[in-house]
Enquirer: 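Quick one: the structure is below, questions incoming.
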Amino acid sequence: QVQLVESGGDLVQPGGSLRLSCAASGSVFSIYAMAWYRQAPGKQRELVAAITSDGSTNYADSVKGRFTISRDNAKNTVYLQMNSLRPEDTAVYYCNANRRFYDAWGQGTQVTVSS
């Protein structure tokens, strides 16, 4: 089992930036693929960005070029750098750890983009 705790969510103006962090504990971090998901009210949870254990990344089309996912295995932490934020980015952002058919989720952190 791995425990995940997100932080960094905030209220930010359109065009602004935030960096989300996800701290992992309780298991070997480096073997897990990590991802960020988000869920807006009334909408399905969607994959935002993912990074494999060897550093390969992929992004949702809606965030590519604006968001960057990274990981620091020495710190057991995954990050999501979010730039040029838009109101439609408003959602609860969740950290996910995955290996084979195992999934672990954090409790989420609220990101609100509004003027």
Enquirer: Any donor-acceptor pair under 3.5 Å linking the side chain of E6 with the backbone of C22?
Expert: no

Enquirer: Using the six-membered ring of Y32, assess whether NZ or CZ of R71 lies under 6.0 Å from its centre and within 45 degrees of the ring axis.
Expert: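 No; the conditions do not both hold, so R71 does not lie above the ring face of Y32.
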
Enquirer: Do any side-chain atoms of residues 99-106 form donor-acceptor pairs under 3.5 angstrom with protein atoms, and if so which ones, sequence neighbours left out?
Expert:
residue, atom, partner, partner atom, Å
Y102, OH, Q1, OE1, 2.7
Y102, OH, V2, N, 3.0
D103, OD1, N96, ND2, 3.2
D103, OD1, N98, ND2, 3.2

Enquirer: Side-chain contact, heavy-atom cut-off 4.5 Å: D54 with T52?
Expert: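 They are in contact (side-chain heavy atoms under 4.5 Å apart), so the answer is yes.
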
Enquirer: For a quick check under 3.5 Å, do T77 and D72 share a side-chain donor-acceptor pair by atom type?
Expert: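 Result is no, nothing qualifies.
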
Enquirer: Between E88 and T90, do the side chains contain an N or O donor and an N or O acceptor separated by less than 3.5 Å?
Expert: no

Enquirer: Is there a path of hydrophobic side-chain contacts, each under 4.5 Å between heavy atoms, that joins Y94 and V48?
Expert: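 Unlinked, Y94 and V48 end up in two clusters.
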
Enquirer: Is Y37 reachable from L85 through a run of hydrophobic residues whose side-chain heavy atoms are each under 4.5 Å from the next?
Expert: no

Enquirer: Should I51 and V28 be regarded as members of a common hydrophobic cluster, given that ILVMFWY residues are connected when their side-chain heavy atoms come within less than 4.5 Å of each other, either directly or indirectly?
Expert: yes

Enquirer: With the 4.5 Å side-chain cut-off for hydrophobic clustering, are V111 and Y79 part of the same group?
Expert: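 No, no single cluster joins them.
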
Enquirer: Can you check side-chain contact (heavy atoms from CB on, under 4.5 Å) on D89 and R38, steps first, answer last?
Expert: CA-CA 9 Å; D89 295 318; R38 67 186 181 188; 2.9 Å; yes

Enquirer: What's the spacing between T68 OG1 and N83 CG if we round to 0.5 Å?
Expert: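 So the OG1 of T68 and the CG of N83 are separated by 6.5 Å.
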
Enquirer: Could you walk me through whether C95 and M34 pass the side-chain contact (heavy atoms from CB on, under 4.5 Å) test, one step at a time?
Expert: CA-CA 7 Å; C95 183; M34 303 295 298; 3.7 Å; yes

Enquirer: For the residue pair S30 and S53, establish whether any side-chain heavy-atom pair is separated by less than 4.5 Å.
Expert: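 No, too far: nothing below the 4.5 Å cut-off.
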
Enquirer: Run S70 and V78 through side-chain contact (heavy atoms from CB on, under 4.5 Å) and show every step you take.
Expert: CA-CA 6 Å; S70 61; V78 63; over 6 Å; no

Enquirer: Quick check: do Q39 and Y93 have side-chain heavy atoms less than 4.5 Å from each other?
Expert: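 Q39 vs Y93: side chains apart.
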
Enquirer: Using the rule that two of Ile, Leu, Val, Met, Phe, Trp, Tyr join whenever any of their side-chain heavy atoms come within less than 4.5 Å, decide whether M82 and Y59 are in one cluster.
Expert: yes

Enquirer: Is there a side-chain contact (heavy atoms from CB on, under 4.5 Å) between T109 and L20 once you walk through the steps?
Expert: CA-CA 8 Å; T109 186; L20 306 183; 4.1 Å; yes

Enquirer: State, yes or no, whether a side-chain contact exists between S114 and L11 at a heavy-atom distance under 4.5 Å.
Expert: yes

